[in-house]
Amino acid sequence: MEIIRYDDENGKKLAERLLNRSKQEEGSYQETVNEILKNVKENGNKAVFEYTKKFDGFDVSETNFIVSQGEIKEAYSLVGDKLISIMKKAAERISAYHNKQKLNSWFEPTENGEILGQLIRPLEKVGVYVPGGKAAYPSSVLMNIIPAKVAGVKKIVMTTPAGKDGKVPPNTLVAADIAGADIIFKVGGAQAIAALAYGTESVPAVDKIVGPGNIFVALAKRSVYGYVNIDSVAGPSEILVVADESADPVFVSADLISQAEHDELASAILITTSEKLAEDVNEEIYKQTEKLERKDIILSSLNNYGGIVLVSDIEETCDLANKIAPEHLELSVKEPFSLLRYIKNAGAIFMGHYSPEPLGDYMAGPNHVLPTGGTARFFSPLSIDDYIKKSSLISFSKDALFNLGEDTIGFAESEGLTGHANSVKVRLDKG
């Protein structure tokens with residue numbers, strides 16, 4: 001990887017280069033997505049089945065569209081007991097963490113007859129999209145479904161593409177069953193998003209769609225936003241490691257690699273004040289890569305979107321970290337908690353030498369669905385909040401209305417809304 005200094009021209013351009021890495025020519029993709037959305041909206045199951053056969057080679061029909069209990073039972077027999085136990089343990093930790101995020105409705109009465117408050121209600125139906133193929137990660141199934149269950153969502157509808165044989169990866173099915181999916185449809189791509197958004201003869205229309213996917217899924221989610229809600233449009237994975245001289249170059253290198261192996265657009269950056277650590281990591285990272293299965297992907301990611309940045313002090317370190325606003329931020333320093341007051345933008349923050357990012361992907365408990373592409377400046381990790389809605393509550397007695405009535409009339413009249421003013425005035429006039 002290239003070693004650069006933050007105070008030179010290359011260093012200053014680094015954040016911009018990273019944030020622009022996933023911008024693609026979307027025009028031709030968007031046209032295809034628009035056609036699929038329109039067709040599914042108008043023709044329902046018929047369009048979904050046609051696209052599924054065309055893109056996935058699976059001859060789907062009403063009889064094999066839904067994953068059966070027999071298929072789920074078979075999946076358990078194909079997944080080792082050890083992995084099932086691990087997934088159940090992860091699910092328990094994810095559930096425990098998200099239970100701490102739960103909000104309660106509240107009401108606040110006052111002596112003059114006002115009651116103000118907020119009602120918290122779960123969404124009725126949520127659609128969870130789960131990619132297939134190489135991107136079929138059971139950990140993401142747990143992370144997307146469990147917060148919805150904790151929030152109290154009534155119906156969780158999962159969609160995922162099947163292979164040509166109509167089979168869904170057994171790990172995916174076991175994770176979905178552990179997490180609590182209510183129904184699973186064998187459909188992927190933009191057609192799955194369309195089915196969830198508009199509904200078909202088989203797929204119920206949902207209130208919100210969550211889950212990652214390819215460019216077609218991402219554009220479809222963006223297109224149906226407003227018709228239904230969505231979580232976000234996910235970009236390539238990122239890790240930013242802030243390290244001082246106390247960091248172990250073996251650990252740091254392994255953590256950078258852990259994200260670089262996702263895909264060629266993934267970003268892995270080290271920021272350090274130590275020239276020795278920078279040199280040691282630059283050497284060690286290629287040693288470790290040689291032994292790994294996804295070597296070509298890792299090298300492409302590191303060479304194009306990786307880097308080691310030398311900074312002069314903590315102020316520069318945090319300045320660059322906040323500009324990049326990374327999905328994952330590791331504080332691999334002697335006193336990590338001392339840096340927290342300076343960090344403003346990050347999806348998840350991993351503290352100290354023994355808190356590697358993959359711990360957060362699988363077992364720690366906090367959600368691994370995180371803002372990417374610099375959106376940690378204004379987005380948060382997936383949470384209970386994504387599966388609830390809030391209603392304001394206002395109740396005034398006669399005396400309470402009279403107390404604010406003239407002010408309300410005055411405000412309404414200042415905006416030229418005499419009908420608003422009259423709604424209050426008729427009550428005041430009646431005494």
Could you tell me whether E50 and K46 have a side-chain N and a carboxylate O separated by less than 4.0 Å?
->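 Here E50 pairs with K46 in a salt bridge, since their nearest N and O are under 4.0 Å apart.
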E124 and K155 ion-paired at < 4.0 Å =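 So E124 does not pair with K155 through a salt bridge.
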Whether [X] side chain and [Y] backbone form a donor-acceptor pair below 3.5 Å:
{"X": "E327", "Y": "P371", "result": "no"}
{"X": "S267", "Y": "Y305", "result": "yes"}
{"X": "S95", "Y": "A91", "result": "no"}
{"X": "K186", "Y": "V67", "result": "no"}
{"X": "R93", "Y": "K89", "result": "no"}

Pairs involving residues 343-353, ordered by first then second residue, that meet side chain to side chain donor-acceptor pair (under 3.5 Å) (sequence neighbours left out) |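 Pairs touching residues 343-353 that pass the test: S246-H353, S332-H353.
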Residue pairs fulfilling side chain to side chain donor-acceptor pair (under 3.5 Å) with at least one residue in residues 160-176, sequence neighbours excluded |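 Of all non-adjacent pairs touching residues 160-176, those that pass side chain to side chain donor-acceptor pair (under 3.5 Å) are E74-K167.
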Rounded distance [0.5 Å steps], [atom1] in [X] versus [atom2] in [Y]:
{"X": "Q101", "Y": "N367", "atom1": "CD", "atom2": "CG", "value": "8.0 Å"}
{"X": "L370", "Y": "E238", "atom1": "CG", "atom2": "CD", "value": "9.5 Å"}
{"X": "I324", "Y": "L240", "atom1": "CD1", "atom2": "CG", "value": "5.0 Å"}
{"X": "S300", "Y": "D263", "atom1": "OG", "atom2": "CG", "value": "9.0 Å"}
{"X": "S202", "Y": "E62", "atom1": "OG", "atom2": "CD", "value": "5.5 Å"}

Taking [atom1] in [X] as the centre, count heavy atoms belonging to other residues, nucleotides or ligands within less than 6.0 Å. Is the count above 12?
{"X": "F337", "atom1": "CZ", "value": "no"}
{"X": "K154", "atom1": "NZ", "value": "yes"}
{"X": "Y76", "atom1": "OH", "value": "yes"}
{"X": "F411", "atom1": "CZ", "value": "no"}
{"X": "Y362", "atom1": "OH", "value": "no"}

Where at least one partner belongs to residues 118-159, residue pairs that pass ring-ring contact (aromatic ring centres under 6.0 Å, His included), sequence neighbours excluded |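 Residue pairs with at least one partner in residues 118-159: there are none.
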Summary of ring-ring contact (aromatic ring centres under 6.0 Å, His included) pairs that have at least one residue in residues 177-230, sequence neighbours excluded |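 Output for this query lists Y29-F216, F65-F185, Y198-Y227.
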Counting only pairs under 3.5 Å, give me each side-chain donor-acceptor contact of residues 251-258, with atom names and distances, residues two or more places apart or in other chains.
unit_1 : atom_1 : unit_2 : atom_2 : d
S253   : OG     : P249   : O      : 2.7
S258   : OG     : D255   : O      : 2.6

Is there a side-chain contact between [X] and [Y] in this structure, where contact means two heavy atoms from C-beta onward sitting under 4.5 Å apart?
{"X": "M87", "Y": "P138", "value": "yes"}
{"X": "S301", "Y": "E261", "value": "no"}
{"X": "V130", "Y": "M158", "value": "yes"}
{"X": "V126", "Y": "D207", "value": "no"}

For [X], all residues meeting salt bridge (charged side-chain N to carboxylate O under 4.0 Å, His left out), sequence neighbours excluded:
{"X": "K53", "result": "D59"}
{"X": "E42", "result": "K38"}
{"X": "D177", "result": "none"}
{"X": "D319", "result": "K323"}

Compare every heavy atom of D56 with every heavy atom of A162, then report the nearest pair and how far apart it is.
-> O-CB, 4.0 Å
For Q30 and S223, work out which heavy atoms get closest and say how close.
->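 In this case the closest contact between Q30 and S223 is NE2-OG, 2.9 Å.
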Just list the side-chain donor-acceptor pairs under 3.5 Å for residues 386-396, sequence neighbours left out, or say none.
unit_1 : atom_1 : unit_2 : atom_2 : d
D386   : OD1    : K208   : NZ     : 3.2
D386   : OD2    : S383   : N      : 2.9
Y387   : OH     : N144   : O      : 2.7

Non-neighbouring partners of F55 that pass ring-ring contact (aromatic ring centres under 6.0 Å, His included), sequence neighbours left out |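 In terms of ring-ring contact (aromatic ring centres under 6.0 Å, His included), with neighbours along the sequence ignored, F55 is linked to Y51.
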Sequence neighbours left out, what passes side chain to side chain contact (heavy atoms under 4.5 Å, CB included) with I297? Give chain and number order.
->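 I297 satisfies side chain to side chain contact (heavy atoms under 4.5 Å, CB included) with E264, R294 only.
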